[in-house]
Participant: 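Before we start, here is the structure in question, set down as structure tokens.
No experiment lies behind these values; they were computed from the predicted model shown. Position 1 is the first residue of the sequence, and the numbers go up from there.
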Amino acid sequence: MDPKLKTDDKLYNRLSVDDAVVLLVDHQTGLLSLARDLPAADFQNNVLGLAKAAKYFNLPTILTTSFEDGPNGPLMPEIKEMFPEADYIARPGQINAWDNEDFVKAIEKTGRKQLIIAGIVTEVCVAFPALAAAKAGYDVFVVTDASGTFNNITREAAWLRMQKEGIELMSWFAVACELARDWRVDMEGLANLFHGSIPEYGPLMDSYAAAQAAKK
């Protein structure tokens, strides 16, 4: 039996590759300087890790920016290059992405009900659409380490506000593992995803590869 068929979705509100869509909100070059609750290199690595996971699991991914022509700047080029065919909503001015009709329509078009959201800054660009989506009946999962803001105080206030409305907080690694369900489905592919995006995972996988080679 395919290992994917052995898991029980009724255990809790579990992410599903068949019902999830990824929303990357305002990961713009100008706004990157505001994400100071994590070291800059770690934060950008987490954002790209989430983006790579979305590609790996072939999840619909929607990109949006706010006021690109102003100080916020354009979308991170790495993300734009990774999703050349994705819906790209350049909002002319709306701070809350949910106030943009095209953004909401792009989500509705997917027919999916689980929204995985990350962005800059956490208490505004992430929290506002997350709260609106939860009110609209979606299951919302915020990726904490791929979202950034000024400091820990503003971040934790945003987390509390969202949790109060039933929004779930996860790391991008947890998102990937929950979507994967079982190592046996594609051990090599999943390992490569983690190896390339989680520095701490590199030595573990290198050690495993060396042990496997020694057995041959």
Participant: Do T122 and W159 have side chains that approach each other closer than 4.5 Å (heavy atoms only, starting at C-beta)?
Facilitator: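 The answer is yes, as the side chains (C-beta and beyond) meet within the 4.5 Å cut-off.
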Participant: Taking transitive links into account, so neighbours of neighbours count too, which hydrophobic residues share a cluster with L160 at under 4.5 Å side-chain distance?
Facilitator: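 None; L160 is a cluster of one.
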Participant: Enumerate, atom names and distances included, each donor-acceptor pair closer than 3.5 Å involving a side-chain atom of residues 166-179, sequence neighbours excluded.
Facilitator:
unit_1, atom_1, unit_2, atom_2, d
E168, OE2, N13, ND2, 3.3
S171, OG, A174, N, 3.0
E178, OE1, Y12, OH, 3.0
E178, OE2, L15, N, 2.9

Participant: What's the spacing between T61 OG1 and I79 CD1 if we round to 0.5 Å?
Facilitator: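 Rounded to the nearest 0.5 Å, the OG1-CD1 separation comes to 10.0 Å.
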Participant: Do you know which two heavy atoms are closest between A191 and W183, and how far apart they sit?
Facilitator: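 Result for this residue pair: N-CZ3, 3.9 Å.
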Participant: Step by step, would you call V17 with R181 a side-chain contact (heavy atoms from CB on, under 4.5 Å)?
Facilitator: CA-CA 10 Å; V17 293; R181 305 292 180 91; over 6 Å; no
Participant: Of all residues at least two apart in sequence or in a different chain, which pass the side-chain contact (heavy atoms from CB on, under 4.5 Å) check with S33?
Facilitator: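 Expected list: none.
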Participant: When you group the ILVMFWY residues by side-chain heavy-atom contacts below 4.5 Å and let the links chain together, are V143 and I62 in the same group?
Facilitator: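 No.
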Participant: Would you tabulate the side-chain donor-acceptor contacts of residues 125-134 under 3.5 Å, counting partners in other chains and residues two or more places apart, or write 'none'?
Facilitator:
none

Participant: Verify side-chain contact (heavy atoms from CB on, under 4.5 Å) between D26 and T64, making sure each step is shown before the conclusion.
Facilitator: CA-CA 6 Å; D26 300 354; T64 186; 4.3 Å; yes
Participant: Who else is in the cluster with I153 when I, L, V, M, F, W and Y are joined by side-chain contacts under 4.5 Å?
Facilitator: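 Traced through the cluster, I153 reaches no other member.
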Participant: Does T154 offer a backbone N or O that forms a donor-acceptor pair with the side chain of N151 under 3.5 Å?
Facilitator: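 Side chain of N151 to backbone of T154, a donor-acceptor pair under 3.5 Å: yes, one is there.
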Participant: Can you sort out the partners of K109 under side-chain contact (heavy atoms from CB on, under 4.5 Å), two or more places apart, ordered by chain and number?
Facilitator: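 side-chain contact (heavy atoms from CB on, under 4.5 Å) list for K109, sorted by chain: D87.
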Participant: Can you list everything that forms a salt bridge (charged side-chain N to carboxylate O under 4.0 Å, His left out) with D139? Sequence neighbours excluded, please.
Facilitator: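 For D139, no residue satisfies salt bridge (charged side-chain N to carboxylate O under 4.0 Å, His left out) once neighbours in sequence are set aside.
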Participant: State the CD-CD distance between E156 and Q163, to the nearest 0.5 angstrom.
Facilitator: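 Between E156 CD and Q163 CD, I get 10.5 Å after rounding to 0.5 Å.
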Participant: Are I116 and V140 grouped together when hydrophobic residues (ILVMFWY) are joined by side-chain heavy atoms under 4.5 angstrom apart?
Facilitator: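 Different clusters: I116 never reaches V140 through Ile, Leu, Val, Met, Phe, Trp or Tyr contacts under 4.5 Å.
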Participant: Counting only heavy atoms not in I95 (residues, nucleotides, ligands), do more than 12 fall under 6.0 Å from its CD1?
Facilitator: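 Atom CD1 in I95 is not packed in, count stays at 12 or less.
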Participant: Testing the basics here: between V21 and P60, what is the closest heavy-atom pair and its distance to 0.1 Å?
Facilitator: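 Heavy-atom minimum between the residues: CG2-O, 3.2 Å.
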Participant: For a 4.5 angstrom cut-off between non-hydrogen side-chain atoms, does E123 reach F150?
Facilitator: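 Answer yes - side chains close enough.
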Participant: State, with a plain yes or no, whether a side-chain heavy atom of V121 is found less than 4.5 Å away from one of L31.
Facilitator: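 No - every pair of side-chain heavy atoms lies 4.5 Å or more apart.
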Participant: Same cluster or not: are L59 and L23 linked, directly or through other Ile, Leu, Val, Met, Phe, Trp or Tyr residues, by side-chain heavy atoms under 4.5 angstrom apart?
Facilitator: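 They do not share one cluster, since no chain of ILVMFWY contacts under 4.5 Å joins L59 to L23.
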Participant: Sequence neighbours excluded, which residues qualify as side-chain contact (heavy atoms from CB on, under 4.5 Å) partners of P84?
Facilitator: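 Partners of P84 under the side-chain contact (heavy atoms from CB on, under 4.5 Å) test: none.
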Participant: With side-chain hydrogen bond (donor to acceptor under 3.5 Å, both in side chains) as the rule and sequence neighbours excluded, what pairs involving residues 65-78 come up?
Facilitator: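 For residues 65-78: T65-E68, E68-Y88.
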Participant: Any sub-3.5 Å donor-acceptor pair from S147's side-chain atoms to I120's backbone N or O?
Facilitator: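 Not confirmed, S147 side chain does not pair with I120 backbone.
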Participant: One pair to check against side-chain contact (heavy atoms from CB on, under 4.5 Å): L63 and L75. What are the steps and the verdict?
Facilitator: CA-CA 9 Å; L63 315 176; L75 184 69; 3.8 Å; yes
Participant: In the single-linkage hydrophobic clustering (I, L, V, M, F, W, Y; side-chain heavy atoms under 4.5 Å), do L34 and L32 co-cluster?
Facilitator: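 Cluster IDs for L34 and L32 match.
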Participant: Could you pull out all residues at least two apart from D19 that satisfy side-chain contact (heavy atoms from CB on, under 4.5 Å)?
Facilitator: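 With sequence neighbours excluded, D19 shows a side-chain contact (heavy atoms from CB on, under 4.5 Å) to S16, R112, K113, Q114, given in chain and number order.
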Participant: Please, which pairs that meet salt bridge (charged side-chain N to carboxylate O under 4.0 Å, His left out) have at least one residue in residues 92-108, sequence neighbours excluded?
Facilitator: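 Listed by first then second residue: E101-K105.
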Participant: Distance from D37 atom CG to T149 atom OG1, nearest 0.5 Å?
Facilitator: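 D37 atom CG to T149 atom OG1 measures 6.0 Å (nearest 0.5 Å).
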Participant: List the atom pairs, with distances to 0.1 Å, where a side-chain N or O of residues 42-54 and a protein N or O form a donor-acceptor pair under 3.5 Å, not counting sequence neighbours.
Facilitator:
unit_1, atom_1, unit_2, atom_2, d
N45, ND2, S197, O, 2.4
N46, ND2, D42, O, 3.2
N46, ND2, D145, O, 3.0

Participant: Atom CZ in F103, atom CG in N96: separation rounded to 0.5 Å?
Facilitator: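 F103 atom CZ to N96 atom CG measures 8.5 Å (nearest 0.5 Å).
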Participant: Same cluster or not: V142 versus L38, using hydrophobic residues (I, L, V, M, F, W, Y) connected whenever any side-chain heavy atoms lie under 4.5 Å apart?
Facilitator: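 No: no chain of side-chain contacts under 4.5 Å links V142 to L38.
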Participant: For I107 and Y138: C-alpha separation, side-chain torsions, deciding distance, then whether side-chain contact (heavy atoms from CB on, under 4.5 Å) applies.
Facilitator: CA-CA 10 Å; I107 295 169; Y138 288 90; 3.9 Å; yes
